[in-house]
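Proteins come first, then strands; the chains are lettered A, B, ... in the order of their sequence lines, and each starts at number 1.
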Protein chains: 2
Amino acid sequence: MSRRDEILDVAVAVLEEQGPDAVTMRELAARMGIRAPSLYKHVRDKDDILAGLQERALIDMARHLAAAEPGLGALADAYRSWAMAHPRLYEVATRRPLARERIAPGVESAAAAPIVAAAGGDEHLARALWALAHGLVDLELSNRFPPGADLDATWRKALTGFEK
Amino acid sequence: MSRRDEILDVAVAVLEEQGPDAVTMRELAARMGIRAPSLYKHVRDKDDILAGLQERALIDMARHLAAAEPGLGALADAYRSWAMAHPRLYEVATRRPLARERIAPGVESAAAAPIVAAAGGDEHLARALWALAHGLVDLELSNRFPPGADLDATWRKALTGFEK
DNA sequence: AATTCTTGGCTAACACTGTTAACCAAGAAT
DNA sequence: ATTCTTGGTTAACAGTGTTAGCCAAGAATT
């Protein structure tokens with residue numbers, strides 16, 4: 001495993017354990033037993049680390065979505081459950097422009113594939129479904145829904161419009 | 001107009017002109033002809049400023065949505081056009097937990113009202129519609145859709161599921 | 001075997017961030 | 001005439017990402 005990958009491992013751990021503000025060059029370095037400037041021997045800058053996290057999130061989510069049972073409902077469940085299992089990672093991967101230059105080719109389309117399949121190949125429908133799921137997750141993660149809202153019911157209602 | 005409101009005015013200007021990273025206490029102060037520490041006489045901390053921006057965004061968006069023609073399509077257009085007219089403000093207002101304690105009561109429900117109305121009072125449907133619109137806007141703003149994607153068509157397709 | 005090159009660490013330092021403390025002048029209130 | 005409040009000031013601190021310059025150890029080359 002490359003040193004860069006070790007850094008990304010540590011970054012994921014810090015992110016999920018202590019939140020995004022704790023993902024600092026000095027904290028990552030400390031966990032690895034080195035000093036912050038040494039990180040730059042393996043990584044271009046902090047943005048490079050975040051792009052790495054984004055790529056990892058896409059890959060992992062793609063695998064999770066691909067393993068879902070067939071059908072729109074199961075796919076939606078998979079999407080939501082992945083996000084809720086890795087909330088910080090979901091945010092950091094999602095709330096920044098896709099760094100297409102820094103991400104291995106095919107990763108983006110692999111993540112999209114299960115959704116496109118569920119949409120029967122209709123790319124507009126696929127994007128609509130994706131946006132719907134992302135919107136629900138994003139609003140839930142940033143506490144925009146009133147406390148106590150029955151989000152299971154909301155998800156069910158949301159999907160009725162699209163189930164054939 | 002209170003000094004706090006002046007600060008928020010400046011913050012909005014800096015945000016839209018130079019992006020979120022430029023919204024710094026020293027930059028805001030410089031534009032007002034004072035020094036950074038003086039801002040703290042009118043504002044609790046930087047988070048207080050961001051909460052103020054969030055409140056302003058909600059109010060302005062509520063007015064814009066309320067002025068839309070009746071019908072789901074027009075409401076969706078209004079939502080999207082407001083976001084595209086104030087992209088940075090939309091982000092900063094949306095990508096942080098709703099600071100309900102710092103926001104005037106009624107603002108949140110006023111912003112939600114037009115959507116709830118369009119949903120015929122069904123709160124789950126309203127939240128689904130909101131999430132759909134937010135998801136589409138959010139993904140567009142962070143450049144997640146492939147370059148050149150026909151988003152008008154995606155919006156049209158997205159709404160077909162919900163038009164009665 | 002002797003030399004050079006590369007790798008991956010180090011310290012020191014810089015410019016910038018939000019924020020606090022301590023001070024002070026001017027007008028309002030008593 | 002005195003005191004209090006308002007809204008500004010400078011100096012400073014801890015923490016951020018990042019660069020420059022140095023150096024030891026192992027790899028590679030002659």
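- For D/dG8, the OP1/OP2 oxygens have a side-chain nitrogen or oxygen of B/His42 closer than 4.0 Å.
- Of all nucleotides present, only D/dA1 satisfies the Watson-Crick or G-U wobble test against C/dT30, with each distance under 3.5 Å.
- Proximity of residues 45-55 of chain A to DNA chain D (heavy atom under 4.0 angstrom from any strand atom) is restricted to A/Asp45, A/Lys46.
- Residue B/Thr24 has a polar side-chain atom (N or O) positioned under 4.0 Å from OP1 or OP2 of C/dG18.
- Which of C/dA12, C/dA21, D/dG17 sits closest to the side chain of A/Tyr40 comes down to D/dG17.
- When heavy atoms are screened at a 4.0 angstrom cut-off, B/Ser38 is found touching base atoms of the nucleic acid.
- No engagement by A/Val43 is indicated, since no non-hydrogen atom pair under 4.0 Å with the nucleic acid exists.
- A ring-centre distance under 6.0 Å is not found for A/Tyr79 and A/Trp155.
- Nucleotide C/dA12 holds its P atom 13 Å from the CZ atom of A/Arg26, rounded to whole Å.
- In this entry the distance linking CD of B/Glu27 with C1' of C/dG18 reads 15 Å, nearest Å.
- Using a 4.0 Å cut-off, no side-chain N or O of B/Arg3 falls inside it from OP1 or OP2 of D/dT6.
- D/dG17 atom C1' lies 12 Å from atom CG of B/Asp21, rounded to whole Å.
- Note: CE (B/Met25) to C1' (C/dT17) measures 11 Å, nearest angstrom.
- Between A/Ala36 and B/Arg35, it is B/Arg35 whose nearest contact on DNA chain D lies nearer the 5' terminus.
- Taking atom NZ on A/Lys41 and atom P on D/dA20, their separation rounds to 12 Å, with Å as the unit.
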